[in-house]
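So the structure is just underneath, and the comments pick up after that.
This one's a predicted model, so the numbers in the text were calculated from it and none came from an experiment. Start at 1 with the first residue, then count along the sequence.
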Amino acid sequence: MDNTNPLTMAADEKLSFDKFRDEVLRDYRIACISREASLLARKEVLTGKAKFGIFGDGKEIAQVAMAKFFQPGDFRSGYYRDQTFHFAIGQSTVEQFFSQLYADPDIKNDPNNAGRQMVSHFCTPLTDEKGEWLDLARRKNIASDMAPTAAQMPRSVGLALASKLFRNVESLKEMKHLSDNGNEVCFCTIGDASTSEGHFWETVNAAGVMQIPLAIFVWDDGYGISVPKKMQTTKGSISNVLAGFQKEEDSNGIHIYKVKGWDYAGMCEAFDEGIRLARQYHVPVLFHVDEITQPQGHSTSGSHERYKSQDRLAWEREWDCLKKMREWLLENALSSEEELSDIERQAKQDVKEQRNLAWQKYQEPIKAQVTRSVELINSLSDNLPDQAAALKKIATGLATNREPLRRDVMKALYDAMDLAGDSDKAYWTKDYYNELLNANTVLYDSHLYNEGPASALNVQEVKPQFDQEAPLINGYEVLNRYFDQLFTNNPKVVAFGEDLGQIGDVNQGFSGLQAKHGADRIFDTGIRELTIMGQGIGLALRGLRPIAEIQYLDYLLYGLQPLSDDVSSLHYRTFGQQSCPLIVRTRGHRLEGIWHSGSPMGMMIHSLRGMYVCVPRNMVQAAGMYNTLLRGNDPAIVVECLNGYRLKEKLPSNLGDMTVPLGIPEVVREGTDVTIVSYGSVLRIINEAAASLEKHHQVSCEIIDVQTLLPFDINHRILESLKKTSRIVFVDEDVPGGASAYMFNKVMEEQGGYRYLDTAPRTITGKAHRPAYGSDGDYFSKPNAEQIEAVIMEMMKE
Ligand SMILES: Cc1ncc(C[n+]2csc(CCOP(=O)(O)OP(=O)(O)O)c2C)c(N)n1
Ligand SMILES: [Mg+2]
């Protein structure tokens with residue numbers, strides 16, 4: 001095309017200038033709208049319409065700049081300051097932002113959290129209703145925000161690493177809906193003070209080592225609530241102190257940029273270059289966005305005048321990013337005073353309108369409940385003259401409540417029913433109360449796990465089959481053959497952990513498999529349990545099926561925070577819109593010494609509601625559990641028996657197809673006198689005790705392996721056994737009051753087991769201290785066969 005004609009060139013230039021001007025003004029408009037939203041939202045909290053507010057004022061310009069480079073397929077893993085970014089990429093409206101503020105539980109009004117999270121916590125759906133992954137490569141994706149500082153860091157490793165795998169692994173290349181040749185960047189935001197967390201350092205180091213497309217934006221407003229950065233960061237500057245991570249021509253590392261949070265043009269330039277490097281070459285980048293302000297202070301919980309000096313407050317007013325961008329627009333003749341004032345005025349008005357709309361939508365269903373309840377209670381008062389005055393008072397109280405909540409409605413209905421006692425006049429009131437109870441259960445108590453087709457609970461049992469000639473091999477060899485088949489048949493599975501790649505894990509479950517299936521699918525990691533978990537989370541969110549290893553169960557504590565805060569709450573807090581099908585593989589219960597024999601099952605089941613907790617007693621059972629879990633979308637942890645890898649097991653012929661159903665116990669020995677409920681390694685000791693009791697005392701034990709602690713015996717199989725034996729003992733290796741108390745509670749209270757007891761139920765557990773080293777240390781720290789026999793003999797005499 002001939003474009004040397006000066007007239008055409010001038011027209012082109014004008015066109016591109018107009019386009020540029022429009023884009024810049026659009027950014028300014030969004031920034032103004034976002035600021036107004038922060039100002040008005042704070043007022044809503046202070047006047048009592050909402051409970052808490054935390055906003056992105058002061059960070060607007062940085063975020064409109066950042067949004068320019070966020071493309072379909074990219075992920076953001078950030079924190080609670082990023083509302084402007086979400087407005088700018090079109091992910092959220094101001095109305096939805098206010099719906100969040102009011103905790104509106106209607107997913108249509110708050111599509112991010114259905115009212116379950118505080119304001120400024122965002123997410124986009126990753127799966128459809130059937131649990132199928134959406135077309136993520138063509139969507140702008142937000143990993144659900146969290147409040148714990150730096151909690152967004154670990155998973156950002158996996159979100160970025162996924163791009164590398166999609167680019168490098170041949171069998172993943174056809175999954176076009178999940179990735180476009182690994183061109184996706186993970187945008188990760190964090191506050192200056194939160195970089196003090198170990199999460200930050202582990203993430204930066206892992207990204208530098210692995211060379212993944214991770215772009216970290218540090219919003220540096222100089223404070224973490226009241227604590228200034230000189231008390232948070234060595235040298236008071238995150239970019240200075242990170243200098244050693246700088247990537248050189250012949251090294252790995254990260255690219256570090258320092259920019260100013262009010263300098264729109266400077267940020268656009270740096271972000272453009274940095275994101276390009278990340279996208280194209282998979283190099284991590286970090287933008288230290290300094291000189292950011294907090295016009296309204298940290299949150300609605302306090303005022304920053306308490307801890308910022310007058311000088312600092314004056315500096316923040318002067319260097320407010322909106323003010324600076326305004327000056328820049330005028331200096332560069334991109335706009336006029338009049339036009340900008342117009343934008344600002346319009347922003348105020350828009351935000352007010354959207355606020356009103358959100359409030360109206362939030363109140364509508366509650367008002368309807370109030371109207372119906374008042375009608376019912378009034379009609380009850382007409383029918384119950386003795387209670388009429390008290391009932392009228394309840395109705396009036398509810399009717400005159402200016403900002404009623406759902407709980408006010410429930411309380412009024414309950415109080416009215418209570419006054420009506422057994423009277424059948426209260427039939428409709430009770431009926432309505434129950435209707436609301438059910439509706440509120442859906443709003444507030446649903447989606448902890450997948451409930452539809454993606455639930456692993458739908459997986460039916462396929463028992464292991466054994467050929468006549470089935471070989472007897474070591475437990476680890478069973479797993480090794482299992483993983484080999486799995487990696488051959490399922491391209492989405494990847495596995496990683498300390499010593500898992502080259503040597504095939506410390507117990508050889510993966511021995512030889514890296515050479516066969518490739519170092520992009522089976523690989524070593526640094527010693528960094530926290531980000532190994534995060535790596536798994538991110539890969540799972542992007543549609544892969546990671547098996548992330550914690551080398552020994554005792555080291556789970558290092559990786560527990562993301563599992564508890566992020567993984568376990570994810571499906572619940574997103575109202576089922578995001579799933580994290582991560583499998584954590586680990587080994588524990590019983591070997592040697594304080595840090596290689598732990599069985600902290602109580603800690604796990606209490607902190608990991610939202611995950612499945614599988615406790616196989618052998619490796620065939622473990623393989624069946626992996627098969628089951630891989631058919632669902634929920635996360636799980638599998639605790640293999642540390643002392644089971646060298647025990648002989650028969651090799652099933654259907655390793656790849658057999659499944660162990662979750663929440664279905666297995667009776668491993670039938671008996672009539674006492675039910676012993678347990679799981680994992682200690683079952684072998686219980687078997688010994690049961691054999692001895694039978695032989696020497698003719699006591700017949702029924703042994704039940706629960707197989708999974710979460711879920712626990714969904715069909716109440718244990719109760720059936722208890723009905724027969726009338727005696728029950730719960731045995732495990734956890735501390736007293738740990739998982740044994742959980743099992744006890746499940747059977748006694750939930751299953752109503754107390755009704756079938758002839759003697760007091762018992763628990764036999766490990767000691768309260770950590771297990772001592774050596775065979776005697778084990779014997780006296782963990783349940784032993786003699787102790788189990790003695791307890792059961794005592795029960796038989798009662
Ligand atoms: C693990 C954890 N500890 C403490 C808090 C309470 N808290 C919330 S925000 C915050 C300060 C964070 O400061 P910074 O990272 O600089 O982000 P900013 O709020 O300044 O943008 C603290 C201590 C928390 N949310 N999580
Ligand atoms: Mg800060």
Can you name the closest pair of heavy atoms from Ile142 and Phe122 and give their distance?
CG2-O, 3.7 Å
Using salt bridge (Lys or Arg N to Asp or Glu O under 4.0 Å) as the criterion, list what pairs up with Lys723, not counting sequence neighbours.
Glu720
Side chains of Asp350 and Gln346: do they bring a donor and an acceptor to under 3.5 Å?
yes
Does the pair Gln96 and His86 meet the rule for a side chain to side chain contact (heavy atoms under 4.5 Å, CB included), with working shown?
CA-CA 11 Å; Gln96 288 164 349; His86 290 86; over 6 Å; no
Give me the ring orientation class for Tyr223 and Tyr307: parallel if the planes are under 30° apart, tilted from 30 to 60°, perpendicular past 60°.
tilted
Donor-acceptor pair, Arg26 side chain versus Ala88 backbone, under 3.5 Å?
yes
Short N-O contact, Asp145 and Arg76, less than 4.0 angstrom
yes
Under a plain distance cut-off of 3.5 Å, with no hydrogens placed, do Gln63 and Lys59 share a side-chain donor-acceptor pair?
no
For a quick check under 3.5 Å, do Gln83 and Ser92 share a side-chain donor-acceptor pair by atom type?
no
Looking only at heavy atoms, what is the nearest atom pair of Gly632 and Pro581, with distance?
O-CB, 4.2 Å
For the residue pair Phe187 and Phe217, does the interplanar ring angle fall in the parallel (under 30°), tilted (30 to 60°) or perpendicular (over 60°) class?
parallel
Testing the 3.5 Å rule here: is there a donor-acceptor pair between the side chains of Gln751 and Asp713?
yes
Is the distance between the ring centroids of Phe712 and Tyr742 under 6.0 Å?
yes
Of all heavy-atom pairs between Val119 and Phe52, which one has the smallest distance, and what is that distance?
CG1-O, 4.1 Å
Cut-off 3.5 Å, side chains only: do Glu44 and Tyr102 have a donor facing an acceptor?
yes
Check: Gln296/Ser38 side-chain N/O donor and acceptor closer than 3.5 Å
no
Do Arg372's NZ or CZ and the ring of Tyr432 fall within the cation-pi criteria of under 6.0 Å and 45°?
yes
What I'd like to find out is whether the side chain of Lys352 reaches to under 4.5 Å of the side chain of Leu40, using heavy atoms alone.
yes
Is the Trp359-Phe98 ring centre distance short of 6.0 angstrom?
no
How far apart are the C-alpha atoms of Ser144 and Gln117, what are their side-chain angles, what is the distance that settles it, and do they pass the side chain to side chain contact (heavy atoms under 4.5 Å, CB included) test?
CA-CA 10 Å; Ser144 168; Gln117 290 222 74; 3.5 Å; yes
Mind checking whether Met533 and Asp566 have side chains closer than 4.5 Å, heavy atoms only?
no
Ring-face cation of Arg116 near Tyr572 (centre distance under 6.0 Å, axis angle within 45°):
yes
Atom of Ser579, atom of His571 and distance for their closest heavy-atom approach:
OG-CD2, 3.3 Å
For Leu710, is there any backbone N or O sitting under 3.5 Å from a side-chain donor or acceptor partner on Tyr612?
no
For Glu95 and Thr93, which I'm curious about, is there any donor-acceptor pair between the side chains at under 3.5 Å?
no
